[in-house]
Amino acid sequence: LRTAIAHNYTVAGARQDVVAADADADAARAALLPSAYATAGAAWGNTSGLASDGAPGALATATARVDVPILDLGGLSDARAARLGAEAESAGFDATLEATLASVAADFVALQSARAAATAAAADEEAARRLAQLAADRVQLGLAPARSEEHTSELQSPDHLVCRLLLEKK
């Protein structure tokens, strides 16, 4: 079963659909999380604007911004829809996996039935050969009469296995 599942393209595709749907749900949820931005800059030199006394001076600037969504109904709705989509993909994967397993099980049962039928047919053929040999030996030893006209037409039927075996032996 592991081999069948590992090499089944339908199962692999369904698994990738779940991964993609989970990634979409994570991306939709990310919009609801706080975000921070920062920038910084520095200058050094003899520029007259840096120091009031004309000496070399330095200038540094920094800005920071934090955005915290308080109530983003559209974002909440998008995140929920994406999460539900991911859950639907997961359910689809489960259904695909179950269908694949059912198909493998059905094929296994059919194979076992075919093997059992082949074994039974081989046993039936061997029993028919033994019966034909026994009948031929009895006729040869004089313990049984040779074929009568009444039985000859029945034995000549191509559907009769014993008949075919006796006729092949001739």
Check your understanding: Can you name the nearest heavy-atom pair linking A25 to A86, along with the distance?
Key ->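 Of all heavy-atom pairs spanning A25 and A86, the closest is CB-CB, 4.4 Å.
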Review point. Which heavy atom of A21 sits nearest a heavy atom of G85, and at what distance?
Key: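 Taking every non-hydrogen atom into account, CB-O, 4.3 Å.
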Check your understanding: Taking atom CD of Q112 as the centre, does the number of heavy atoms from other residues, nucleotides or ligands within less than 6.0 Å exceed 12?
Key ->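 Counting neighbours around CD of Q112, more than 12 heavy atoms of other residues, nucleotides or ligands fall under 6.0 Å, so yes.
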Applying side-chain contact (heavy atoms from CB on, under 4.5 Å), name anything that partners [X], two or more places apart in sequence or on another chain.
X   : value
V66 : A36, V68
S35 : Y37, D67
L73 : L71, L76

**Study point:** Any pair counted as side-chain hydrogen bond (donor to acceptor under 3.5 Å, both in side chains), so long as it reaches residues 86-96, sequence neighbours left out
**Key:**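 The answer is none; no pair qualifies.
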Review point. For residues 74-85, which residue pairs qualify under salt bridge (Lys or Arg N to Asp or Glu O under 4.0 Å), counting only residues two or more places apart or in two chains?
Key: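 Passing the test, one end in residues 74-85: D22-R83, D26-R83.
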Exercise for review: Would you mind listing every salt bridge (Lys or Arg N to Asp or Glu O under 4.0 Å) that reaches into residues 96-116, with sequence neighbours excluded?
Suggested key: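 Qualifying pairs, neighbours excluded: none.
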Side-chain donor-acceptor pairs of residues 3-10 under 3.5 Å, sequence neighbours excluded:
from, atom 1, to, atom 2, distance (Å)
H7, ND1, T3, O, 3.0
N8, OD1, T10, N, 2.9
N8, OD1, V11, N, 3.0

Review point. Which residues pass the side-chain hydrogen bond (donor to acceptor under 3.5 Å, both in side chains) test with T63, sequence neighbours left out?
Key: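 side-chain hydrogen bond (donor to acceptor under 3.5 Å, both in side chains) list for T63, sorted by chain: T39.
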